[in-house]
Amino acid sequence: MKWNFEEPVPREGTDCIKYDLRQETFGRADIIPMWVADMDFRTPSFITEKLRERVGHEIYGYSFRPEEYFSTMIRWLDTRHKWKVEKDWICFSPGIVPALNLSTLAFTRPGDTVIIQPPVYTPFFSAVESHGRNLLLNPLVEENGYWRMDLDSLKRSVTANTTMIILSNPHNPVGRAWSAGELN
Ligand SMILES: Cc1ncc(COP(=O)(O)O)c(C=O)c1O
């Protein structure tokens, strides 16, 4: 079987932030921790098999990113998202949170305004504020359990000083995948 979304995997006692730090994070342990997009389902076997194969080599020295790293990503983005990406546009980051911080440093200057749309994953706030940029909040709107962007207020918020907006897509925590219309 490639994946199994039926069987929960107990994670308590594995030093995982999501479950083992509930008391420290929320002051109580009897909650369902939905703040972090951390997978609860077992990793599919085609991934664990590749990892086992790599671990089995027993030498973990410096590696470079082979051609397949780029061609696989380019094919995936084209097939899944109809997005044609050139190899030299791709830049490695060890995670999305480091990439958010680096993007703020690369594409904005101190004193610029950056928009985020709360409620959103907490590191989106610090990726702006830690670098002396102004944070402008354009809150999402909830109607009968369905969340949308407030596009009118977003348009009004943008000034000459606004140099970046950070989108969460699919959005944590509201669970929306933004439509092509909304993104346009
Ligand atoms: C919206 C969002 N972005 C980024 C991350 C973390 O990404 P990474 O571990 O690649 O830095 C999370 C984790 O919960 C998230 O919810």
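Counting starts at 1 for both ligands and their atoms, in listed order. Please read these numbers as outputs of a predicted model, since none were measured by experiment.
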>> For atom 5 (C) of ligand 1, what's the nearest protein heavy-atom neighbour? Residue, atom name and distance, please.
In response: Y121 CE2, 3.3 Å

> Is the closest side-chain donor-acceptor distance between Y19 and D40 under 3.5 Å?
Replying inline: yes

> Among L100, V97, L167, N101, which one has a heavy atom closest to atom 11 (O) of ligand 1?
Replying inline: V97

> For atom 10 (O) of ligand 1, what is the nearest protein heavy atom, given as residue, atom name and distance?
Replying inline: I96 N, 2.7 Å

>> List ligand 1 atoms under 4.0 Å from G95, heavy atoms only on the residue side.
In response: 10 (O), 11 (O)

> About how many Å separate NZ of K18 and CD1 of I32, when rounded to the nearest 0.5 Å?
Replying inline: 10.0 Å

> Is L140 close to R148 at the side-chain level, that is, under 4.5 Å between some pair of heavy atoms?
Replying inline: no

>> Between ligand 1 and A37, is the shortest N or O to N or O distance under 3.5 Å?
In response: yes

> Any protein heavy atom lying closer than 4.0 Å to atom 14 (O) of ligand 1?
Replying inline: yes

> Just checking, any donor-acceptor pair under 3.5 angstrom between side chains of Y60 and R54?
Replying inline: no

>> For atom 16 (O) of ligand 1, what's the nearest protein heavy-atom neighbour? Residue, atom name and distance, please.
In response: N172 ND2, 2.6 Å

>> Under 4.0 Å from a heavy atom of S168: which atoms of ligand 1 are those, numbered in the order shown and with their elements?
In response: 1 (C)

> Would L136 and T159 satisfy side chain to side chain contact (heavy atoms under 4.5 Å, CB included), going step by step from the backbone distance to the final call?
Replying inline: CA-CA 11 Å; L136 199 149; T159 67; over 6 Å; no

>> If I take atom CD1 from residue I166 and atom CZ from residue F125, how far apart are they, to the nearest 0.5 angstrom?
In response: 10.5 Å

